[in-house]
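To start, the structure under review is shown below, and the notes come after it.
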Amino acid sequence: LHDRMVYLPNGRVQRQCRQGWSWDMLVGFRYFNQNDLGTLRNLTESYYVDCEADNNMIGFQVGGELQDKHCLWNWGINWKIAPLYNCADRNYRAAGLKSYQGQLAGIADIGVWANYQFTKHWTGRFQYNVMWITGVAQATSQIVQGANERYEVDNDTTEFMQGLTVSLEYAW
């Protein structure tokens, strides 16, 4: 929501912002997709194995955000936790073998952000996120098992991801 504009006794208009700390909660659904491709090559025998692992995770998500609001800039911390169900599959391209397996997975995400309102409609935002993902199928884990149809999909890997997001937002 936009800050209120207040007419002062001298006829000028001034932005009246509500400064201070606030807390927000979120509840919803989350879908996360991660695809991984791995190749194992033996250069002396000209042998290779290509394996592709696809992860399609869906589930329920809860989270929250604590923010410190100032008139033109804000900063805060946000977090999200999502228990998910991973519909993972692997595909050995050379052998033509494809396997599917479902398993419980999860994501925990925490971030620190700051934004600055340049004008009434334009805001710049910087955010740094760290994410832990469990129950992921990686292509390299599938190759270790061997290209055999009797093996199940190995989706017991935990990954750690981090990243910086820079955005320019327009609100009307």
Side-chain angles (χ1 to χ4, degrees), residues 1-38 52-90 100-142 153-172:
L1 297 174
H2 294 295
D3 295 327
R4 283 189 292 187
M5 301 299 283
V6 178
Y7 285 102
L8 299 176
N10 63 3
R12 295 183 59 203
V13 177
Q14 180 180 353
R15 178 187 309 265
Q16 183 183 28
C17 65
R18 298 182 185 125
Q19 296 185 18
W21 289 93
S22 66
W23 174 260
D24 297 315
M25 291 289 296
L26 79 92
V27 176
F29 291 98
R30 184 169 193 161
Y31 172 74
F32 183 79
N33 175 272
Q34 180 180 355
N35 301 323
D36 192 23
L37 176 64
E52 182 179 3
D54 296 328
N55 298 279
N56 294 297
M57 301 180 187
I58 190 165
F60 183 71
Q61 174 176 267
V62 296
E65 181 173 74
L66 178 65
Q67 72 171 316
D68 182 17
K69 184 172 180 169
H70 299 271
C71 288
L72 294 178
W73 65 277
N74 307 321
W75 75 276
I77 299 169
N78 57 17
W79 60 273
K80 297 180 275 286
I81 296 175
L84 305 168
Y85 185 76
N86 185 6
C87 302
D89 66 76
R90 70 156 183 223
Y100 300 94
Q101 183 173 337
Q103 179 178 317
L104 293 179
I107 294 178
D109 186 358
I110 188 166
V112 177
W113 60 270
N115 64 13
Y116 183 80
Q117 188 170 0
F118 298 111
T119 66
K120 180 180 177 183
H121 299 286
W122 289 98
T123 304
R125 184 176 177 107
F126 296 90
Q127 181 162 344
Y128 177 75
N129 275 57
V130 177
M131 185 184 311
W132 291 270
I133 309 168
T134 61
V136 178
Q138 291 180 330
T140 53
S141 299
Q142 312 308 315
V153 177
D154 179 14
N155 52 359
D156 290 331
T157 306
T158 299
E159 292 185 354
F160 172 77
M161 295 183 180
Q162 61 179 339
L164 177 67
T165 304
V166 178
S167 65
L168 185 62
E169 301 171 0
Y170 179 79
W172 59 90

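Residue indices begin at 1 and follow the sequence shown.
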Legend entry - side chain to side chain contact (heavy atoms under 4.5 Å, CB included) involving Asn115 - partner list, sequence neighbours excluded: Asn74, Trp113, Thr123, Arg125
Legend entry - Check: Gly111 main-chain N/O paired with Asn129 side-chain donor or acceptor under 3.5 Å: no
Legend entry - Side chains of Ile133 and Met161 in contact at under 4.5 Å (non-hydrogen atoms): yes
Legend entry - With sequence neighbours excluded, residues passing side-chain hydrogen bond (donor to acceptor under 3.5 Å, both in side chains) with Glu159: Gln34, Gln138
Inset, instruction - Quick one: pull up CE in Met131 and CG in Asp109 and give me the separation to the nearest 0.5 Å. - result: 4.5 Å
Inset, instruction - For Phe29, enumerate each residue passing the side chain to side chain contact (heavy atoms under 4.5 Å, CB included) test, keeping only those at least two apart in sequence or located in another chain. - result: none
Legend entry - Residues forming a side chain to side chain contact (heavy atoms under 4.5 Å, CB included) with Gln61, sequence neighbours excluded: Leu26, Arg30, Lys80, Ala82
Legend entry - Atom pair CH2 (Trp79) and CG (Leu66), whose distance is rounded to the nearest 0.5 Å: 11.5 Å
Legend entry - Listed partners of Phe60 passing ring-ring contact (aromatic ring centres under 6.0 Å, His included), at least two apart: none
Inset, instruction - Verify, without hydrogens or angle tests, whether Gln117 (side chain) and Thr119 (backbone) share a donor-acceptor contact under 3.5 angstrom. - result: yes
Inset, instruction - Indicate yes or no for a side-chain donor-acceptor contact from Asn55 to the backbone of Ala137 under 3.5 Å, with no hydrogens or angles considered. - result: yes
Legend entry - ring-ring contact (aromatic ring centres under 6.0 Å, His included) involving Tyr170 - partner list, sequence neighbours excluded: His121, Trp122
Inset, instruction - Could you tell me whether a side-chain N or O of Asp54 sits under 3.5 Å from a main-chain N or O of Asn35, the two making a donor and an acceptor? - result: no
Inset, instruction - For Phe126, check side chain to side chain contact (heavy atoms under 4.5 Å, CB included) against everything at least two apart and list the hits. - result: Val166
Legend entry - Asp24: side-chain hydrogen bond (donor to acceptor under 3.5 Å, both in side chains) partners, not counting sequence neighbours: none
Inset, instruction - Quick one: list whatever passes side-chain hydrogen bond (donor to acceptor under 3.5 Å, both in side chains) with Trp75, sequence neighbours left out. - result: Asp68
Inset, instruction - Please examine the side chains of Phe32 and Ile58, heavy atoms only from C-beta on, and report whether any two atoms are closer than 4.5 Å. - result: no
Legend entry - Side-chain heavy-atom pair Cys71, Gln19 within 4.5 angstrom cut-off: yes
Inset, instruction - List in chain and number order the residues that pass ring-ring contact (aromatic ring centres under 6.0 Å, His included) with Phe118, two or more places apart in sequence or in another chain; answer none if no residue qualifies. - result: Tyr116
Inset, instruction - Find out whether Leu84 and Ile107 are in side-chain contact, i.e. whether some heavy atom of one side chain is under 4.5 Å from a heavy atom of the other. - result: yes
Legend entry - Residue pair Met57 / Val136, side-chain heavy-atom distance below 4.5 Å: yes
Inset, instruction - Applying side-chain hydrogen bond (donor to acceptor under 3.5 Å, both in side chains), name anything that partners Tyr85, two or more places apart in sequence or on another chain. - result: none
